[in-house]
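Everything below concerns the one structure shown next.
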Amino acid sequence: MNRRHFLLGTLAACATTRLVPPPPPAKKKVLILGGTGFIGPHIVRALVARGHTVTLFNRGKTHAELFPDLEKLHGDRDGHLEALQGRRWDTVVDPSGFVPRIVKMSAALLAPSVDHYLFVSSISVYKNVDAPNLDETAPLDTTDDPTSEDVKAHYGALKALCEQAAERALPGRVANIRPGLIIGPGDPTGRFTHWPWRLAQGGEVLAPGDGSTPVQYIDARDLAAWIVKLIENRTVGVFNALGPEQRITMKEVVDACNAAGGNQAQVTWVDAAFLEKQGVEGWSDMPLWVDTKGDMAGFGTMQNRRALTTGLTFRPVLDTARDILAWLATLPDDQRDKVASTGIKHDREEKVLAAWKARG
Ligand SMILES: NC(=O)c1ccc[n+]([C@@H]2O[C@H](COP(=O)([O-])OP(=O)(O)OC[C@H]3O[C@@H](n4cnc5c(N)ncnc54)[C@H](OP(=O)(O)O)[C@@H]3O)[C@@H](O)[C@H]2O)c1
């Protein structure tokens with residue numbers, strides 16, 4: 001074989017190698033404890049799209065009309081898990097656990113009959129967010145009374161205890177994932193939806209700070225796609241789940257949301273100290289935004305390296321904002337108002353803007 005033939009042969013071999021697709025992942029049997037609220041349906045759709053078999057377990061109360069073609073088991077996480085007995089799944093996804101006693105119940109029952117337990121926790125598990133670049137090893141929130149089941153008062157501490165309950169029941173077989181603010185179509189909380197919706201209404205829009213505040217979030221569909229990867233690869237460990245990959249500022253997000261609605265709004269950035277004096281609160285009045293100082297100095301900068309190395313990717317926020325507007329357009333007026341009219345009320349926004357201009 002001369003040199004030319006050798007090179008051509010090598011190139012042909014490389015081309016063939018490149019053309020051979022990787023083997024498809026083994027099809028999994030997945031049980032979802034819940035699955036019909038906000039993130040559940042996105043996870044279900046992502047699993048089904050990849051050819052996995054999904055069973056839902058819930059009380060049959062929330063969006064019971066969803067997924068008529070899937071197996072549905074009914075019961076109650078709090079004491080009525082009979083429908084799960086004697087069954088086998090590869091992975092359990094638990095997006096509906098808030099109380100360690102209840103997570104312990106399902107994790108202990110399923111431990112002998114599943115390989116992998118994926119618990120949806122929260123970045124609220126961290127005790128402090130007062131320093132930047134927090135990673136998964138940061139200290140966790142605690143409560144003086146670990147038997148308390150007051151989820152509103154002890155959300156983060158209870159989520160941390162839920163993670164531990166799952167890990168105790170299935171040592172070395174648990175993925176505890178800690179999302180930040182979950183956004184996208186179907187979000188019932190409106191905590192991000194405010195921005196694309198408000199900006200699409202046009203006029204002058206109040207925006208918080210000088211625009212440079214770092215913010216983080218995760219589109220529920222990106223979360224779902226990554227959860228499918230974790231299931232396919234049987235990945236275990238603890239993961240912050242928020243992004244995007246690179247730091248993004250409030251201004252970049254607001255600009256993208258404005259662009260999604262056709263740049264109808266004129267945005268006026270109002271100094272954080274001025275907003276505080278006016279009683280305008282971050283997160284509630286100004287969704288997504290927190291004034292990153294003092295106790296909250298690390299907000300918007302949490303590390304996501306572990307999640308990125310296991311396959312988490314992020315769509316552009318412009319796409320999320322466009323999809324949210326398209327979803328809102330499908331809702332009846334009263335439902336749309338409920339999920340979109342979060343954040344500062346319009347008349348108060350006008351007053352704050354007027355005061356900002358009159359400040360002298
Ligand atoms: N939204 C955010 O920004 C954010 C941020 C960080 C973390 N998280 C976490 O993400 C998760 C979001 O969950 P989701 O509500 O969207 O999940 P989901 O799985 O879509 O909806 C909740 C499901 O749980 C079922 N359920 C509720 N109580 C039940 C019970 N006692 N027994 C059996 N089933 C029950 C509901 O159905 P039935 O009512 O029919 O029973 C529903 O199917 C939560 O764990 C939350 O802590 C959220």
Side-chain angles (χ1 to χ4, degrees), residues 30-47 54-67 70 72-84 92-103 105-106 109-110 117-126 129 141 149 151-152 154-163 165-166 175-194 215-224 226-227 238-243 283-284 287-288 290 299 302 304 307 320 324 339 342:
V30 182
L31 169 67
I32 304 194
L33 300 176
T36 58
F38 169 33
I39 67 167
H42 290 297
I43 299 170
V44 172
R45 287 185 199 109
L47 281 164
V54 179
T55 302
L56 303 180
F57 173 85
N58 54 50
R59 297 167 303 179
K61 288 186 178 175
T62 305
H63 299 136
E65 74 288 356
L66 284 176
F67 309 120
L70 298 185
K72 295 176 181 178
L73 302 176
H74 289 141
D76 192 317
R77 297 200 57 169
D78 195 355
H80 291 286
L81 299 174
E82 298 83 353
L84 304 179
V92 184
V93 180
D94 181 351
S96 61
F98 296 91
V99 170
R101 176 182 62 81
I102 291 176
V103 170
M105 245 185 256
S106 53
L109 176 85
L110 292 164
Y117 197 104
L118 194 147
F119 179 68
V120 181
S121 183
S122 165
I123 54 159
S124 298
V125 293
Y126 296 113
V129 197
D141 200 4
E149 297 192 351
V151 174
K152 229 174 170 180
H154 305 294
Y155 174 67
L158 289 176
K159 277 286 196 188
L161 291 170
C162 290
E163 292 184 0
N176 277 314
I177 66 174
R178 299 173 175 167
L181 183 69
I182 305 173
I183 69 175
D187 178 9
T189 74
R191 288 179 296 174
F192 176 87
T193 309
H194 167 83
V215 291
Q216 287 178 308
Y217 48 80
I218 182 163
D219 186 304
R221 296 160 299 172
D222 296 333
L223 179 64
W226 174 60
I227 284 176
V238 182
F239 303 91
N240 289 341
L242 71 179
W283 205 251
S284 53
L288 182 69
V290 167
F299 207 77
M302 285 188 189
N304 58 9
T320 302
I324 287 173
V339 296
T342 46

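Computed from heavy atoms alone, side chains included, the values below leave out hydrogens, waters and symmetry copies. One-based numbering, in listed order, for ligands and for the atoms of each.
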Sequence neighbours left out, what passes salt bridge (Lys or Arg N to Asp or Glu O under 4.0 Å) with D222? Give chain and number order.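 Salt bridge (Lys or Arg N to Asp or Glu O under 4.0 Å) check on D222 returns R315.
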Could you name each residue pair satisfying salt bridge (Lys or Arg N to Asp or Glu O under 4.0 Å) that touches residues 73-82, not counting sequence neighbours?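 Residue pairs with at least one partner in residues 73-82: R77-D94, D78-R101.
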Short N or O separations between ligand 1 and the protein, below 3.5 Å:
from: ligand 1; atom 1: 1 (N); to: R191; atom 2: NH2; distance (Å): 3.2
from: ligand 1; atom 1: 3 (O); to: I182; atom 2: N; distance (Å): 2.9
from: ligand 1; atom 1: 3 (O); to: R191; atom 2: NH2; distance (Å): 2.8
from: ligand 1; atom 1: 13 (O); to: P95; atom 2: O; distance (Å): 3.3
from: ligand 1; atom 1: 16 (O); to: F38; atom 2: N; distance (Å): 3.1
from: ligand 1; atom 1: 16 (O); to: I39; atom 2: N; distance (Å): 2.8
from: ligand 1; atom 1: 19 (O); to: G35; atom 2: N; distance (Å): 2.7
from: ligand 1; atom 1: 20 (O); to: G37; atom 2: N; distance (Å): 2.7
from: ligand 1; atom 1: 20 (O); to: F38; atom 2: N; distance (Å): 3.1
from: ligand 1; atom 1: 20 (O); to: G40; atom 2: N; distance (Å): 2.7
from: ligand 1; atom 1: 21 (O); to: G37; atom 2: N; distance (Å): 3.1
from: ligand 1; atom 1: 28 (N); to: R59; atom 2: NH2; distance (Å): 3.4
from: ligand 1; atom 1: 31 (N); to: D76; atom 2: OD1; distance (Å): 2.9
from: ligand 1; atom 1: 32 (N); to: R77; atom 2: N; distance (Å): 2.8
from: ligand 1; atom 1: 39 (O); to: R59; atom 2: NH2; distance (Å): 2.8
from: ligand 1; atom 1: 39 (O); to: T62; atom 2: OG1; distance (Å): 2.5
from: ligand 1; atom 1: 40 (O); to: G60; atom 2: N; distance (Å): 3.1
from: ligand 1; atom 1: 40 (O); to: K61; atom 2: N; distance (Å): 2.6
from: ligand 1; atom 1: 40 (O); to: T62; atom 2: N; distance (Å): 2.8
from: ligand 1; atom 1: 41 (O); to: R59; atom 2: N; distance (Å): 2.8
from: ligand 1; atom 1: 41 (O); to: R59; atom 2: NE; distance (Å): 2.8
from: ligand 1; atom 1: 43 (O); to: G35; atom 2: N; distance (Å): 3.3
from: ligand 1; atom 1: 43 (O); to: T36; atom 2: N; distance (Å): 3.0
from: ligand 1; atom 1: 43 (O); to: T36; atom 2: OG1; distance (Å): 2.5
from: ligand 1; atom 1: 45 (O); to: P95; atom 2: O; distance (Å): 2.7
from: ligand 1; atom 1: 45 (O); to: K159; atom 2: NZ; distance (Å): 2.8
from: ligand 1; atom 1: 47 (O); to: Y155; atom 2: OH; distance (Å): 2.6
from: ligand 1; atom 1: 47 (O); to: K159; atom 2: NZ; distance (Å): 3.1

Listed partners of Y217 passing ring-ring contact (aromatic ring centres under 6.0 Å, His included), at least two apart: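 None.
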Apply side chain to side chain donor-acceptor pair (under 3.5 Å) to residues N240 and Y126 and explain how you reach the verdict. CA-CA 11 Å; N240 289 341; Y126 296 113; 2.6 Å; yes
Should the pair Y155 and F98 be assigned to parallel (<30°), tilted (30 to 60°) or perpendicular (>60°) ring geometry?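 Y155 vs F98 ring planes: tilted.
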Does S96 reach the main-chain N or O of L33 with its side chain, forming a donor-acceptor pair under 3.5 Å?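 Flag set: sc S96 to bb L33 pair under 3.5 Å.
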